Amino acid sequence: MKKIIFSIVFLTLGWATSQAQTFNLGVKAGVNLAKINADFASEENRLGYQIGAWARIGGASFYVQPEAYIGSKGNKFISFQQDNGNEVSAEGKVKFTTLDIPVLLGTKFGAKNLNFRLMAGPVISFVLDENSTFNSAYQQATDFNNYKNQALGLQAGAGVDVGSISVDLRYEAGLSNISKSEKYSQKPNLFQLSLGFKIL
């Protein structure tokens, strides 16, 4: 599945490059509100950050936008469900520092110095660092806090460009289970708001 998705994306990127009328390069920074949806626990959103760079390749209305940025995302578990169905209140926290690489396909409309954009595409996240603390009660849920070092997701959102300034609002849905456990499923989801600046 991953190979098919990225093959399609890179073929599209190659086509867009060959047809490109414009090429832009920029930097970005922002915040995200993330949580890990788990089928065994209740959770709360956590605030994180992102900082990195983007490129935009395309014509008058269609573009491809690959990005690379360092970010933080995490989760606060507030309870979990035992095998017998009982809900146990117990705190657990996990925080990831990740390298995120989305490749977005988009369309834009409006004037040169004021335009609006819609975009969507896959993102792969590589875990650079993990920090977790869990209440001892979670020891009953064997292996649920053992995480993979990468995850696949899908981003979709909208943005506006005003001169060299761009603002994006996106939602990222986790497609892959980031838990190594065969018993528990965990998928990260987040909203992100970023401010970008075009340098080329």
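Note that this is a predicted model, so its numbers are computed, not measured. As a basis for the values below, the full set of heavy atoms in this structure was taken, side chains included, without hydrogen atoms, waters or symmetry mates.
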To the closest 0.5 Å, what do you measure between OG1 (Thr107) and OH (Tyr63)?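 It is 7.5 Å, given to the nearest 0.5 Å.
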
Would a hydrophobic clustering, with Ile, Leu, Val, Met, Phe, Trp and Tyr connected at side-chain separations under 4.5 Å, put Phe96 with Phe134?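 Result: yes, single cluster for both.
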
Quick one: are Leu114 and Val160 in side-chain contact, heavy atoms under 4.5 Å?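 Yes; the side chains approach each other to less than 4.5 Å.
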
Under 3.5 Å: donor-acceptor pair, side chain of [X], backbone of [Y]:
| X | Y | answer |
| --- | --- | --- |
| Ser185 | Asn177 | no |
| Asn189 | Gly174 | yes |
| Asn75 | Lys35 | no |
| Ser72 | Tyr49 | yes |

I'd like to check the side chain to side chain contact (heavy atoms under 4.5 Å, CB included) partners of Lys198; sequence neighbours left out, ordered by chain and number.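 Listed in chain order: Asn24, Trp54, Ser164.
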
Whether Lys28 engages the ring of Tyr69 as a cation-pi pair (distance to the six-membered ring centre under 6.0 angstrom, angle to the ring normal within 45°) should be assessed.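 Ring-cation test returns yes.
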
[X] and [Y] ion-paired at < 4.0 Å:
| X | Y | answer |
| --- | --- | --- |
| Asp161 | Arg56 | yes |
| Glu130 | Lys93 | no |
| Glu91 | Lys76 | yes |

Could you walk me through whether Glu67 and Arg170 pass the salt bridge (Lys or Arg N to Asp or Glu O under 4.0 Å) check? CA-CA 14 Å; Glu67 300 182 351; Arg170 299 180 199 162; 2.6 Å; yes

Atom CD1 of Ile51: over 12 foreign heavy atoms under 6.0 Å: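 No.
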
Grab the two heavy atoms, one from Glu87 and one from Ser42, that are nearest each other, plus how far apart they are.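 Taking every non-hydrogen atom into account, OE2-OG, 3.3 Å.
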
Does a donor on one side chain sit under 3.5 Å from an acceptor on the other, for [X] and [Y]?
| X | Y | answer |
| --- | --- | --- |
| Thr98 | Asp100 | yes |
| Asp168 | Ser194 | no |
| Gln186 | Tyr147 | yes |

